[in-house]
Amino acid sequence: MHSETILSVENISKQYRLGQVGTGTISHDLNRWWSKIRGKEDPYLKVGDVNDRSTKAESDYVWALKDINFEVKRGEVLGIIGKNGAGKSTLLKILSKVTAPTTGTIKSKGRIASLLEVGTGFHPELTGRENIYLNGAILGMTKKEIASKIDAIIEFSGCERYIDTPTKRYSSGMTVRLAFAVAAFLEPEILIVDEVLAVGDAEFQKKALGKMQDISQQGGRTVLFVSHNMAAVKSLCTRGLLIENGNIVDSGAIDDMISQYLDSGKKNSIYHENTLYDLQEFSLLNTQSVKVKSISNGEDFCIAVKLKIKEDNPDIGFCIALYNDRNELITAINTYHVNEEIQALRAGVYNFYIKIDKYILNTGIYSINFHINDSQGKLFNLIEDVLRMNVYDNGVRRGNKYSGDWPGKVSLVPKIEIYENN
């Protein structure tokens, strides 16, 4: 392992038998045992379906992960992204030694602390304070080392009033607060954080993301971060792994991985032919007119639409419907007010640019539906998910104090007029 490499994963695979604990039958156990004593390969490693939750199983065995290889350097923040069921949490459990890989090896330098599920590593009958000492001991810390940091842990968690109460009486949010504080302040060389932070409230998520930035940038420690919140991944991570069906599809700069992830969720091709028009392009442009999939909420941007009009005076218009990641309609931009212009167009190819001011959209993933309609509103065609975009916060709005999520569905900066009374 290279001197700068703190974590090396080599040919990691994980196989499960569907619907069973273990192999499920004595005959399977005997076959594995007989192969092992003869020095043969496990016979069930040769079978198994790909980890695709949307397909019907053809085998009792499934590869949750298959031939995973990557390295992480000291001080790097690695984002692991993918759809639900892609294998992200399984990978983190293997790295945290919660479960063992079926094949492959992991090499690491230093302590690993993980926050995978609400209450991971906490004993419900112990108080919050006692669980801090328990988790510290598990991480290899001495009682003196833990005692020197316990006040900072309690303060950061915001659970001081309940710190001497058994954690079985904590809410899930309180448990996550305390568990993250323990994992972060006991200074592991590698911190592994799953989507569990989403359980916390908005204020705590900001604190947690800020703390992870401090851990990597100032402490030189390594963070592995799994989240479906692309704004958080964008603000925190420098490099990404894209996982699909238990395989690493690609790895590289986090912007490129987010772009691929957003593209993988699109339902339809943007190209659709019609007797009146042909949609030739639909893209997101930044202020330099470069096509992007991620945009800062502090930057003006533009939606570019390229239409081929096939007949003179087509009597059509279009609508751009913007939805957030909860499938809530945020806004619908339509061309009714310029329909007369579009009605009068002659046959040809036209570029339309819809300009959006900065600080209108809040952070998060947005999907766009594209409607073609006539001047009376009659719908000719609807193209769902024509484009997905990620809006992230660059921190400028708040004086570079913090880069992360901001509450609310939209993000507005008002113009405030101040008059002095004489």
Side-chain angles (χ1 to χ4, degrees), residues 230-231 234 255-256 258-274 276-310 314 316-343 345 348-375 377 379-394 397 406 408-413:
M230 291 301 107
K234 164 76 178 179
D255 285 349
D256 295 337
I258 290 175
S259 179
Q260 286 194 48
Y261 172 71
L262 296 176
D263 280 343
S264 68
K266 288 168 62 175
K267 298 175 184 175
N268 296 310
S269 168
I270 66 169
Y271 301 103
H272 183 85
E273 292 199 16
N274 186 278
L276 294 176
Y277 69 90
D278 179 12
L279 176 60
Q280 296 188 338
E281 188 171 340
F282 193 104
S283 55
L284 179 71
L285 305 179
N286 63 14
T287 51
Q288 288 78 43
S289 297
V290 176
K291 294 179 184 178
V292 293
K293 294 291 173 60
S294 292
I295 196 82
S296 162
N297 71 340
E299 180 181 1
D300 298 336
F301 67 93
C302 179
I303 296 173
V305 179
K306 187 176 181 181
L307 278 178
K308 179 181 180 181
I309 305 298
K310 298 182 178 181
I316 63 169
F318 57 81
C319 173
I320 294 170
L322 191 69
Y323 294 83
N324 64 13
D325 57 0
R326 296 181 180 88
N327 204 35
E328 299 168 319
L329 179 64
I330 302 302
T331 188
I333 305 167
N334 63 63
T335 60
Y336 284 125
H337 62 289
V338 293
N339 258 1
E340 290 182 4
E341 269 185 60
I342 300 176
Q343 277 180 278
L345 291 175
V349 178
Y350 297 89
N351 292 296
F352 301 87
Y353 297 96
I354 299 91
K355 297 181 179 179
I356 312 292
D357 291 335
K358 62 184 178 182
Y359 298 130
I360 297 295
L361 297 179
N362 211 341
T363 55
I365 295 177
Y366 295 85
S367 60
I368 298 177
N369 290 355
F370 186 72
H371 307 241
I372 294 286
N373 46 260
D374 66 13
S375 57
L379 183 65
F380 286 127
N381 193 45
L382 164 62
I383 304 176
E384 293 185 304
D385 242 350
V386 67
L387 183 142
R388 288 195 175 190
M389 56 186 285
N390 175 48
V391 178
Y392 64 93
D393 193 327
N394 61 6
R397 178 178 174 184
W406 196 247
K409 293 182 181 178
V410 294
S411 177
L412 302 177
V413 177

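Bear in mind the structure is a predicted one, so any value in this text is a computation, not a measurement. The first residue of the sequence shown is numbered 1, and numbering continues consecutively from there.
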Next item on the list: Compare all side-chain heavy atoms of Val292 with those of Asp255 and state whether any distance is below 4.5 angstrom.
Entry: no
Item checked: Derivation of the side chain to side chain contact (heavy atoms under 4.5 Å, CB included) call for Phe370 and Ile303 -> CA-CA 11 Å; Phe370 186 72; Ile303 296 173; over 6 Å; no
Notebook entry, point to check: What distance separates Thr335 OG1 from Phe318 CZ, expressed to the nearest 0.5 Å?
Noted result: 5.5 Å
Next item on the list: Scan Ile365, Leu361, Ile360 and name whichever one has a side-chain contact (heavy atoms from CB on, under 4.5 Å) with Val391.
Entry: Leu361
Item checked: Residues Tyr261, Asn390; criterion side chain to side chain contact (heavy atoms under 4.5 Å, CB included); working and verdict -> CA-CA 10 Å; Tyr261 172 71; Asn390 175 48; over 6 Å; no
Check: What are the two closest heavy atoms between Ala321 and Leu329, and how far apart are they?
Finding: CB-CD1, 4.0 Å
Next item on the list: Check Asn286 against Glu299 and note the closest heavy-atom contact, atom names and distance.
Entry: CB-OE2, 3.2 Å
Next item on the list: Please name the pair of heavy atoms, one in Leu387 and one in Ser283, separated by the smallest distance, quoted to 0.1 Å.
Entry: CD1-CA, 3.7 Å
Note to self: Quick check: Phe380 with Tyr277 (ring centres under 6.0 Å apart)?
What the structure shows: no
Notebook entry, point to check: Just by distance, do the side chain of Ser367 and the backbone of Asp385 share a donor-acceptor pair under 3.5 Å?
Noted result: no
Item checked: Minimum-distance pair of heavy atoms, taken over all atoms of Lys293 and Arg388 -> CD-O, 3.7 Å
Margin query: Within the 4.5 Å heavy-atom criterion, are His371 and Asn381 side-chain neighbours or not?
Written below: no
Checklist line | side chain to side chain contact (heavy atoms under 4.5 Å, CB included) between Leu322 and Ile333, worked out | finding: CA-CA 8 Å; Leu322 191 69; Ile333 305 167; over 6 Å; no
Note to self: How close do Tyr366 and Asn324 get, counting heavy atoms only, and between which atoms?
What the structure shows: CD2-CA, 4.0 Å
Check: Which value, rounded to the nearest 0.5 Å, describes the distance between Met230 atom CE and Ser259 atom OG?
Finding: 12.0 Å
Next item on the list: First locate atom NZ of Lys310, then atom CG of Asp278, and finally report the distance between them rounded to the nearest 0.5 Å.
Entry: 5.0 Å
Note to self: Run Gln280 and Leu307 through side chain to side chain contact (heavy atoms under 4.5 Å, CB included) and show every step you take.
What the structure shows: CA-CA 6 Å; Gln280 296 188 338; Leu307 278 178; over 6 Å; no
Check: Where do Val410 and Asn362 come nearest, in terms of heavy atoms and distance?
Finding: O-ND2, 3.8 Å
Notebook entry, point to check: Does some side-chain heavy atom of Ile258 sit less than 4.5 Å from a side-chain heavy atom of Tyr392?
Noted result: no
Check: Rounded to the nearest 0.5 Å, what separation is found between the CG atom of Asn297 and the CD1 atom of Ile356?
Finding: 14.0 Å
Next item on the list: Answer yes or no: is there a side-chain heavy-atom contact under 4.5 Å between Lys355 and Asp300?
Entry: no
Next item on the list: To the nearest 0.5 Å, tell me how far Asp357 CG sits from Phe301 CZ.
Entry: 9.5 Å
